[in-house]
Amino acid sequence: MSVTIEVPGDLEHELRAAGVDLDREARESFFVGLYRRGRITHDDLSDALGLGFDQTQQLLKDHGVGDDYALEEFEAERAFLRRLDRR
């Protein structure tokens with residue numbers, strides 16, 4: 001599927017002159033937005049952009065997407081790890 005974004009000519013010229021890859025920026029922003037909203041998984045994001053796990057993690061960090069846990073998720077994980085430690 002192709003998506004077209006209209007960018008004013010002067011702005012496009014300025015950004016391209018600065019070395020910005022507008023196609024790549026648009027793809028990254030689109031897929032990171034989907035990931036941020038929970039519409040795609042980490043693996044989907046990696047596949048869509050042709051990135052490895054660590055590269056995807058860096059991309060998310062660059063876009064300000066953290067691994068924020070809800071308190072309930074943190075507590076459940078902590079309880080699970082404590083049970084493992086007792087074995």
ILVMFWY cluster, I5 and F30 together (side-chain gap under 4.5 Å): no
Would you indicate whether D62, at its atom CG, is surrounded by more than 12 heavy atoms from other residues, nucleotides or ligands within a distance under 6.0 Å? yes
Side-chain donor-acceptor pairs of residues 45-54 under 3.5 Å, sequence neighbours excluded:
residue	atom	partner	partner atom	Å
S46	OG	H42	O	3.2
S46	OG	T56	OG1	2.6

Residue pair H63 / S29: nearest heavy atoms and the distance that separates them: CE1-OG, 4.1 Å
Working to the nearest 0.5 Å, report the span between [atom1] of [X] and [atom2] of [Y].
X   : Y   : atom1 : atom2 : result
E77 : R82 : CD    : CZ    : 12.0 Å
E12 : L22 : CD    : CG    : 6.0 Å
R83 : R78 : CZ    : CZ    : 12.0 Å
D21 : R27 : CG    : CZ    : 10.5 Å

Determine yes or no for a side-chain-to-main-chain donor-acceptor pair under 3.5 angstrom, with R37 supplying the side chain and G33 the backbone. yes
